[in-house]
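Protein chains get the first letters and strands the later ones, always in sequence-line order, with residue 1 at the start of each.
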Amino acid sequence: MSITFGRFSNQPAEFGKFGFQKLNWHAVIIAPNLKSISAIVPALRRGVEMPYEELNKESLLWMYETMVTIRRFEEQSRREADAGKLRGMHSSIGQEAVPTGICAHLNEKDYVLGTHRSHHHCIAKGLDINEMMAELLGKSTGTGKGKGGTMHIADINKGMLGANGVVGSNIPVATGVALTAKVKGTDQVSVVFFGDGASSQGVLHESMNLAGIWKLPVIFVCENNRYAEATPFEYSVAGGSVANRADGYGIPGVTIDGQSALDVFEVSKEAVSRARMGEGPTLIEAQTYRYQGHFGADDPLGYRSKEEQEYYMSRDCILMLQKHILDGAYANETQLAAIDMKCIEAVNTATEFANNSPFPDPKELITDVYVTY
Amino acid sequence: MSITFGRFSNQPAEFGKFGFQKLNWHAVIIAPNLKSISAIVPALRRGVEMPYEELNKESLLWMYETMVTIRRFEEQSRREADAGKLRGMHSSIGQEAVPTGICAHLNEKDYVLGTHRSHHHCIAKGLDINEMMAELLGKSTGTGKGKGGTMHIADINKGMLGANGVVGSNIPVATGVALTAKVKGTDQVSVVFFGDGASSQGVLHESMNLAGIWKLPVIFVCENNRYAEATPFEYSVAGGSVANRADGYGIPGVTIDGQSALDVFEVSKEAVSRARMGEGPTLIEAQTYRYQGHFGADDPLGYRSKEEQEYYMSRDCILMLQKHILDGAYANETQLAAIDMKCIEAVNTATEFANNSPFPDPKELITDVYVTY
Amino acid sequence: MTQAQTVRQISFIQAINEALRQEMHRDPDVIVMGEDIAGGGEREDFQDAWGGPMRLTKGLVNDFGRLRVRDTPISEAGFVGAGVGAAASGLRPVVDLMYVSFYGVCADQITNNAAKMHYMFGGKVKVPLTIMTGIGAGTNSAAQHSETLYSIFTHFPGLKCVVPSNPYNAKGLMAAAIRDDDPVIVFNNRQLMGLRFEDNVPEESYTVEIGKSELKTQGEDITLLGIGYTTRVCMEAAALLEERGYSVEVLDLLSLSPMDEDAILSSVKKTRKIVIVDEDYPRCSIATDISALVAEEAFDYLDAPPKRVTPPHTQVPYSRPLEALFVPTKEKVLAAALEVLE
Amino acid sequence: MTQAQTVRQISFIQAINEALRQEMHRDPDVIVMGEDIAGGGEREDFQDAWGGPMRLTKGLVNDFGRLRVRDTPISEAGFVGAGVGAAASGLRPVVDLMYVSFYGVCADQITNNAAKMHYMFGGKVKVPLTIMTGIGAGTNSAAQHSETLYSIFTHFPGLKCVVPSNPYNAKGLMAAAIRDDDPVIVFNNRQLMGLRFEDNVPEESYTVEIGKSELKTQGEDITLLGIGYTTRVCMEAAALLEERGYSVEVLDLLSLSPMDEDAILSSVKKTRKIVIVDEDYPRCSIATDISALVAEEAFDYLDAPPKRVTPPHTQVPYSRPLEALFVPTKEKVLAAALEVLE
Ligand SMILES: Cc1ncc(C[n+]2csc(CCOP(=O)(O)OP(=O)(O)O)c2C)c(N)n1
Ligand SMILES: Cc1ncc(C[n+]2csc(CCOP(=O)(O)OP(=O)(O)O)c2C)c(N)n1
Ligand SMILES: [Mg+2]
Ligand SMILES: [Mg+2]
């Protein structure tokens, strides 16, 4: 049995209306086989160094800035796509809280691996948005010299081991990254993001099994945004829960409100800490929502109702975090507005940088195929 | 949560000693999501026609004869292999009860799909042992004209859609066979056998998910014989139970004593009936044991103890069934001896048939590659 | 021929859609499955939400229902494998493998099961499975969504491989694939998908024979061999060559396995020169296959060595200027042809 | 050279085992994983129960422990993928893919990830992964356990493919593969596994350069090109040809990607005739690749068309008399060579 967590989630009573199971507020059900998930117990640090540990001003503002940067970056990348400068851009707008809450606990030596929809993972992991935007436009100054593009952004120096265009394909790769940490005896953590659709790929099962028997420091994060292209997860996921499947592998599975950056922060703190301490993998299913179409140009109203969309957008992760910050007086509106402005400027700079950068030299077509050949 | 079943199992108290979880006797724990598995309720027929329905004289003797035929066939095929007439023969000795108890409920229109270790599946499904032995020897009179061999025996007329040498590979194929039944609206059932090792393949997960959302009439039967080659299942199966994994897909999972033909018979009656009635898939984990090495020539004592072997062999499925038959006076020793003799003769006939059959004509090398080309 | 005889022009997508619909009408055993081929799962208010990622299956679910037009989860091994099993037990499934690169998660089902069951089981089991898949670069989709890869399937005995080049043969080959008793993979180039061609596409059902190529133009000086999209490129290059006074024969291969060896050889024996234009990777490919065939079987007829125009041995780049250098173009074909001719 | 200089003869299996052991000693980042490569899971009393399905890894777990010598569950996509991830993050994993046909369940990890990460990420990530896998028919193992398939991996840019033919180069190529910064697949023919050869195999560690072929014999009349097991077949056929008075050059290809094109071309330019002997399926294969190379690049030197000896376009049969017809033999090579020579 997996657990369901939602300390900060301000879900209204009708949360279950559109299919997601109702989360339990302010309570964690500890499953029998979960010896150490106990995210609500604050005394849990066990000496592990993490960039952000507590939900204090510093961490809240870092998350806020990160999420706003993602939002602004994605708005801009959509504009670039609409202007015909790239194709098939999978927008992460709406899902900002998930990687942000998790990456708050990761340092540059930790790894993140992503999917076709990974701009938010990259920004949360600290990648340079100038290089990212340049990559989107296929420029030589991009993270991958323009060779990878929107679906293949990576920066190994920042611990981002790549977005991946094949659904589910990065899950075992992330497991192998965790194996490196184990063999080398470091306390590095490997986090892999994947969608509700990806949960149907066999490699998830194979990787949970492998990570389970080898107790690897990997965190499997399912961003359940309710749809895989035009297919709702209620149709494609037998049994109705991705997190539940962890139980078959003897590993903890948690369902969280992915719109609450705070909940994501708390639960992933625990998962990251478990991983660092050598206690093995965790599966987190974060319930979230993508605002735009699957690849941008498509209209999602073909497969989901306006009412549903409005409902989810009413629980926007940035607005929720903003409210928490203001309510708790961690910052005032002027300060938040300054952050907003900073993010916009950063994205503007990135856009200018990318547009002004040159395309790769033709000879780049055949370089980087091999290290040596 | 999966259920554990063992009405007839005469396991001694130390059954858990070698790693298998202890089975519950004479009791079924009905899991919350199992609406219809209730194998101990005898009133369950719901008008479905099955070859054998009750544990009466007829069904018991059919099972006995089937199991003895398998045993004798396998002893002979080992001799043929030792004589150098074939290589890499995976013996099913010790595991006779599993396919026998299940196939008791199947007719020729139902399908069975197997693995590299499938002689017992084929015999239980009613294949001609002359043709099977000929196939082992690569003769033109074999089930596959000698082209498939020991790992690829099939007879579509008998509903055996093939053994398969790639571990796990037949699981989705069987799911597709069940799809045919669904689309055509027949009451056919598809049964796929696979090992504990195969449970780690992603296709099991994909197929359980698919069968779960489509409610397909497929039965996933894991013959957990404790080893995949030289790797014990306690090492390879995270969480320690294959059956438990069913729960993540919202389908029933049952663990049974695979040495008890009676338990297999009762539980699979229910699973087959569920499938026929359109109630969807079931996962059965049958705990069993292979007596010989993985492919025959290898010595299993490299990876398992003599004590363990002796323990499992002391619970031989044929001896257990024999005892039940004699205790219940369904037949006497003379009658069983007559069956034994009949089986030996049939195997002798098959051996002679196979050895006297011709090898395929050289032109067969390039026929049957396509239907037309 | 009068003005009244209008040509029925439909797009490549419509052509495939029409073939699917007609075959489903014709034979109740034909089913279609794949990711989002209807979309919306089974929710009443969202029937035919997508009509397939490439719109190939648009409208089918309305006509034939969810039993025969099945959205699948993202588990290619699972549902391609299910297609194999369904085919072996009495259906004629059409399975959509969105992009050919995804073969990687289901190759076992295609090459170990679909391709081998008939042989291993002594000819007693048939696998009338059709797989349709999208191929080709040129759409800014990078290394994992732009491959061609038909060469590796042609490598395997037991599989048939066809590559339509226009709406007419797309429709006819799809119908033929579905009716065929062997597993057939239909490779549809994504750059062709939206296009309309001049060809007349009859409304009624028809098949194009698997294993036959089509002579697009007859000529004396050189053979240009195209496959799918590159047939277009060959036609464009032929126009440029004819401007220069050469008489060009363009052969559209259409089927890779079985392959119309006779047509290739007789064209080459006539023109004595060949340029093979292919978008798949260059090593161990259909282009080397044809080059070897020509060299071995028409050696004495050749005035010049066979020549291949293919991408270099590199992954498909994302950046558009680089990607444009990857795909064969009419300029490259022209240059290669001139080299052979001169 | 004195009698005292004894030749160290070890089997192919021992040679690979030695390379693995030496590389693990040399570099703590080298790990080995696969099914039953130690066996016995992690149970104390059953250390090194199996030493690998082919005994390639015998004894390693005792020397290096379970952290670096890892039994895996049967989930090739999972553990080959883990190999990719481990390689990209600082280890040099050697992954055992028992039989090449099982590529089908993990092809995605090999061709979409291992092969492409370096390129897609702009050269900033390296994947020093070694995959070793068993190939070849002739062991009565039927269609799913007897394939060769190196052609389809050679097709993919980003992968390196090597095929040892004797214990000496098996050891040296394995060591080279492990030290290489790109993903390398080592294809070991199962018919060679148990054999000892006359070659001296030095005890100390050495590498055989990836991308280089070896000239086994020099000759003037014809080139026989072999790959792995078929190099043996070529040597046998060469002996038969020499009996008939021909001077034969046997080239052992060793690497398919990169391929030693120069050596092939210079040999052919000298002998003006070539027979390519390959056990992989005939279509879109390394044999067509070489045939095309020779035809295109040495056209003017050839006295006869290049000739291929390969199996027919069929699956591998189980029945021994049929299987014997599948694999190239010295008789078939002889016949082909005589056809070319006469
Ligand atoms: C193996 C594979 N199958 C299919 C696709 C096509 N595809 C790209 S994204 C996508 C949907 C993924 O859904 P999900 O995992 O929920 O992620 P989301 O798009 O919602 O972020 C599909 C089917 C693919 N890229 N890879
Ligand atoms: C995909 C794949 N990987 C590996 C193998 C090699 N292999 C053959 S049988 C076997 C063990 C299978 O174990 P299990 O599933 O428990 O079946 P059992 O042999 O015990 O009947 C392995 C690893 C294979 N045939 N296919
Ligand atoms: Mg999704
Ligand atoms: Mg087993």
Inter-residue atom distance [X].[atom1] - [Y].[atom2], 0.5 Å rounding:
X	Y	atom1	atom2	result
D:Tyr318	C:Tyr119	OH	OH	13.5 Å
D:Arg283	C:Thr154	CZ	OG1	6.0 Å
C:Thr148	D:His155	OG1	NE2	8.0 Å

In terms of heavy-atom pairs under 4.5 Å with chain D, which of [options] leads?
options	result
C:Pro282, C:Pro317, C:Cys106	C:Pro317
C:Pro305, C:Ala292, C:Ala304, C:Gly158	C:Pro305
C:Ile110, C:Leu149, C:Val294, C:Leu293	C:Leu149
C:Thr314, C:Ile286, C:Val316	C:Thr314

Which bit of D:Glu147 is near chain C, if near means a heavy-atom gap under 4.5 Å: side chain, backbone, both or neither?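 Contact with chain C is through the side chain of D:Glu147 alone.
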What part of D:Ala142 lies closer than 4.5 angstrom to a heavy atom of chain C: side chain, backbone, both or neither?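 Interface part for D:Ala142: neither.
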Between the main-chain N or O of C:Ala115 and the side-chain N or O of D:Gln315, is there a donor-acceptor pair closer than 3.5 Å?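 Looks like yes, one N/O pair under 3.5 Å.
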Is a donor on one side and an acceptor on the other found under 3.5 Å between the side chain of D:Asn112 and the backbone of C:Ser101? yes
Output the option from [options] having the highest count of non-hydrogen pairs under 4.5 Å with chain C.
options	value
D:Ala107, D:Ser151, D:Ser257, D:Cys284	D:Cys284
D:Ala77, D:Gly104, D:Ala143, D:Pro312	D:Gly104
D:Asp280, D:Asp289, D:Asp108	D:Asp289

Hey, can you tell me if D:Phe156 and C:Tyr103 have their rings parallel, tilted or perpendicular (30° and 60° cut-offs)? parallel
Report yes if the side chains of D:Glu296 and C:Lys307 come closer than 4.5 Å at any heavy-atom pair, otherwise no. no
